[in-house]
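Accompanying notes for the structure given below.
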Amino acid sequence: MALFKVNNLQCVRRDNILFQGLSFKLEDGGLLQIDGVNGSGKSSLLQMCIGLIQITEGNISWNQTDIRDCRYQFQTDMTYFGHTNGVKTGLTALENMKVMHALSGFKSEVDYSLILKQIGLAGMDDVLLSRMSAGQKRRVGLTRIFMASSKLWLLDEPFNALDKNGKKIIEQLIVSHCKAGGMVIFATHQTMEIDGYPLQHIHLG
Amino acid sequence: MALFKVNNLQCVRRDNILFQGLSFKLEDGGLLQIDGVNGSGKSSLLQMCIGLIQITEGNISWNQTDIRDCRYQFQTDMTYFGHTNGVKTGLTALENMKVMHALSGFKSEVDYSLILKQIGLAGMDDVLLSRMSAGQKRRVGLTRIFMASSKLWLLDEPFNALDKNGKKIIEQLIVSHCKAGGMVIFATHQTMEIDGYPLQHIHLG
Amino acid sequence: MNEYIKIFFIILQRDLTLVFRNKAEFINPLMFFVIVIILFPLAFGSDATLLKQLTSGIIWVTALLATVLSLETIFRTDFEDGSIEQLILARYPLTLMVSAKVTAHWIIFGLPLIFIAVLTGFILSLSSQTMFALFFTLLLSTPVLSLIGAITVALTIGLRGGMLLSLLILPLYMPVLIFSMLAVQNATAGQSISAEIYFLAGILVLALTLAPITTAAALRIRLS
Amino acid sequence: MNEYIKIFFIILQRDLTLVFRNKAEFINPLMFFVIVIILFPLAFGSDATLLKQLTSGIIWVTALLATVLSLETIFRTDFEDGSIEQLILARYPLTLMVSAKVTAHWIIFGLPLIFIAVLTGFILSLSSQTMFALFFTLLLSTPVLSLIGAITVALTIGLRGGMLLSLLILPLYMPVLIFSMLAVQNATAGQSISAEIYFLAGILVLALTLAPITTAAALRIRLS
Amino acid sequence: MNLYKALPLWFHKLGALKYFYEISHVISRWVSVICVICFITGLYGGLVLAPADYQQGDSFRIMYMHVPSAWMSLFIYMVMAISGGIGLIWRVKLAEIVARSSAPIGATFTFLALATGAIWGKPMWGTWWVWDARLTSELILLFLYLGYIALQSAFEDRRVAARAGAILALVGIVNIPIIHYSVEWWSTLHQGPTVSKLDKPSIHMSMLIPLLLMTLACKTFYVSSLLIRIRTEILEYECNSSWVKHLLGNNKNVSN
Ligand code: HEM
Ligand SMILES: Nc1ncnc2c1ncn2[C@@H]1O[C@H](COP(=O)(O)OP(=O)(O)OP(=O)(O)O)[C@@H](O)[C@H]1O
Ligand SMILES: Nc1ncnc2c1ncn2[C@@H]1O[C@H](COP(=O)(O)OP(=O)(O)OP(=O)(O)O)[C@@H](O)[C@H]1O
Ligand SMILES: [Mg+2]
Ligand SMILES: [Mg+2]
């Protein structure tokens, strides 16, 4: 039973307090959407989780341990997907996937072509990313969560640039991950369609 | 009476024909949404309009003249907003606006602070863009169309990264521009809410 | 026309603001220049007469390399954040805006370079004729370096590897270097340098008229 | 452990693929080197004995400058497209991945540099002792240049202006340059160079063990 | 203005790539025949018939390779820049292809001029290489060629690459007069104009004629190898057109 817990967290940027005393927790199967207008601190919250922004007050813990004390374990259990796709435009879809798979720890045996097919890029294995459209690049980046064997997913606006079908694929993936006992925290401005799976909300700002 | 016309246009990328024999026209007050799945050629179509992709077959005309023959006039009558915001993160909101206003030809007297307020960035005049969130940056980029005095707007996924309120502001702006006789062509994967203003659709792919 | 002048200054101001805000960027080229000049005695040993003989050459080559290093910044960030598209699609001739950007580069980079080169020459006690030639050749050449540099940057912008830039640019710089060094050598030998100065001035006029147009064309090509 | 080796080679292969795909990028550093070497005679006049005396110094300074120029590419694109975050957040120590990236840089840049420097020395008919010293100092120093360079690149990445990099890096390179030049001068004078070679080897071992850790730490700092 | 419109029309006729593809085959065959004849007679005249030089002995005979290839290196650069310019202004595909295909040949001739010059320099000046203006500027020409080729390979789209290359080639043209006049502007080791003083060539007829033959051989060699390169380039440019697909049996993808 894994537990992700945010306790009394504060975020200060540009001398403004974005949020304060933020507390919530997420257990196995938990699905959490971070809401809030532009600039309310959604991305900042996610970046605090992965250590890209220093935590000034409060804490974030993973399985009862402050994430600053178990950085390595937490990184192993977590997959992050941010505003940028984190893929190389000079490599092909397949080459990118190999690298992402390696970085995520090769835990599961995966069939790259099958995943590309699942995400709607069938047959584009050997196309350079520099020759793909915005949505196609984003999809290649998202194959990361298909290959991940981690428990917790942190997704920052995963539906950006995706078309309706792409959005549905990711929604289904998220729900099935949660159903299998995973946890997902994501920020988006769009409405999720998840067929009644219990969705928590945190509203910032 | 202005007229934007696409005639028998073809788009080839990566040796695939994306679309072929595409024809449509837009007159004063016309509002056109380009639909299509990821990679169907929406951005390519817009980039052909502004000359970033060479036209190989067919043509695009503005007021009965091929745009390749009236590039200067067409640029004067048109405002483009693409995937990238086209703003400098090293400048403040105000400084960015001044440059954008200058490039668009200073035609109208504008009140920068008022526009920032209208787009939901009240009081952020002197904030560097590097210290803004994704949605806030996008909004600064979008002030371009508030200041534009051009007839035709070409917008590539303008709602990306915007929250619901930001989306509404832009939707209203688009509709009021069309009501005043302007024309707008845009690509988006989201559903427009425009209170019954007649919306044309082009479906690619 | 008046509007054109206004646009020119708005773009100029924009680029200068961007650089001055980040003060490091303003001082760095000069520091690079100074450090490289210090490197050479380390490499050549400390034979004083030999060094003196080499000084003006070192100053010139270093100025050239520093320019190459600084050039990429002219268009790179504009290219990355999509500003360049907006410049191209503006209501005004691209040539105008390119000129403003090159002017900004020269103010930020060329002017201080001349200053520091002359200062270095002074510290290393070059003769006044040599200093004079150094100053004039740099004054006439640094704008040319910025102008020609802008063309190559426009051609290679966004292509991976900053090295392609140096490969294309250095051959184009050679004529300027050759004539400047001739002038400095002649001056050191006490001969007249007016022929070389005229030649450099000619190149400058040529570059001033043709380079912005060419750069604008190169940018359009690169982006289509 | 086995897994670590696998990761090392996957990252190495990734970086090499990225470069080899664009063949120009592979050849450019070398071309830059050759062109700069040509610049010097133009600047110093064509006095043959003088030039011969300067050759090894020129080769060394140019190698240094070329390295500085090439360094930025180590992390820049990774930073821009968000790959660096993914490297940091991976399950494996960042040090490992940094080592792979630095190795890739050395293979792409350092190795050919040694080769071309020796070739240049040959064409300019340096004595065999000098050549020998040149070869050994470069062999020992180019990895150090890549390793130390990576630290500064990690610190300055994303800060505007490639110049900051050179500013930080050149002072760090000085010790390497000084000892290498000493070795070359001694070799030319027919003296033993073992002391300098041992010293350079010592620096290399130090850099090999400490630089990747430091670079990883610098990257983390830069990104938080 | 009229010329601006008329020239491309005329060119387009010739520039119909399919038409050019067909006739170039015949032309290149005949040109290579001339090339072989000139080459053999030129070499025979130069290496066997021409008398030894009273100063240089037999070492001057390398001139028959050096001078033609040096001239070709300049000539081909001009061709490259001018046809690049035509392609740039009038968007003539054939001109773009000519410029692209010339670069490697030009680079080869430049390399040859440098190599033969260096070999000749050893007996004449006692060293392979000196840093004088003629030699250096010729070396720069080699880098211009290489830079052009590198630029071509850095772009994905051929047509964009061709136009970018044209700009580089046009800007680089300043180097050509520098190479040519370097012997007059600077006191150099290199030979001044001897052959190319048209009014009164200061060279003996029995030496001159083989030289001219070799020059012609180099020119025709350039033309025929250019045509061969152009033909492959045309196929790659036009790989989507029906006639190329037909030609290649319709089942191969030749996009790369
Ligand atoms: C690496 C060394 C050399 C290089 C790069 C070189 C380069 C050139 C070039 C570029 C030209 C053509 C100039 C023009 O048409 O304007 C040329 C012509 C010529 N070179 Fe060399 N050269 C080299 C060595 C030599 C040597 C050692 C000799 C003999 C002493 C020599 C004799 C000539 C002659 C006789 C011509 C014809 C001049 C004329 O009438 O235009 N070159 N060389
Ligand atoms: N630079 C490029 N070179 C070659 N092909 C490209 C390039 N960019 C995109 N393509 C291809 O062209 C097709 C259309 O791309 P485009 O960007 O127009 O799609 P889009 O409709 O805007 O998609 P999205 O919804 O993802 O933004 C894609 O299939 C893509 O693979
Ligand atoms: N690098 C930065 N330095 C200082 N302040 C920043 C920085 N980035 C963002 N901010 C500020 O922090 C606040 C929160 O930014 P954040 O990116 O977390 O917002 P967000 O909720 O993700 O918004 P969006 O919906 O636009 O993505 C914003 O008001 C912004 O002005
Ligand atoms: Mg955000
Ligand atoms: Mg798109």
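Numbers restart at 1 for each chain; the letters A, B, ... are given by sequence-line order, proteins then strands.
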* What do you reckon, is CZ of D/Phe122 surrounded by more than 12 foreign heavy atoms closer than 6.0 Å? -> no

* **Distance-minimising heavy-atom pair for A/Gly105 and D/Glu3** => O-OE2, 4.1 Å

* **Reported OG-to-CG distance for the pair D/Ser83 and A/Asn96, which is rounded to 0.5 angstrom** => 7.5 Å

* Residues, nucleotides or ligands: over 12 heavy atoms within 6.0 Å of D/Phe8 CZ -> yes

* Taking all heavy atoms of D/Asp81 and all of A/Thr84, pick out the closest pair and write down the distance. => O-CB, 3.8 Å

* Over all heavy atoms of both residues, which pair between A/Gln75 and D/Ile88 is shortest? Give the atoms and the distance, please. => OE1-O, 3.1 Å

* To do: Would you check if the side chain of D/Gln86 reaches a backbone N or O of A/Tyr80 as a donor-acceptor pair within less than 3.5 Å?
  => yes

* **Minimum heavy-atom distance A/Ala102-D/Ile10, with the two atoms named** => CB-CD1, 3.5 Å

* Asked: Can you find a pair of side-chain heavy atoms, one from A/Lys88 and one from D/Asp78, that are under 4.5 Å apart?
  -> yes

* Structure fact -> Whatever's closer than 4.5 Å to a heavy atom in chain D on A/Thr79 counts as neither

* Counting only heavy atoms not in A/Gln33, do more than 12 sit closer than 6.0 Å to its CD atom? -> yes

* Asked: chain A heavy atoms under 4.5 Å from D/Ile11: which part of the residue, side chain, backbone, both or neither?
  -> side chain

* Structure fact -> Heavy-atom nearest pair, D/Arg91 first then A/Thr76, reads NH2-O, 2.8 Å

* Go through A/Leu91 and D/Arg14 one step at a time and tell me if the side-chain contact (heavy atoms from CB on, under 4.5 Å) criterion holds. => CA-CA 8 Å; A/Leu91 297 179; D/Arg14 160 184 179 274; 4.0 Å; yes

* **Interchain contact, A/Val99 with chain D, by part (heavy-atom threshold 4.5 Å)** => both

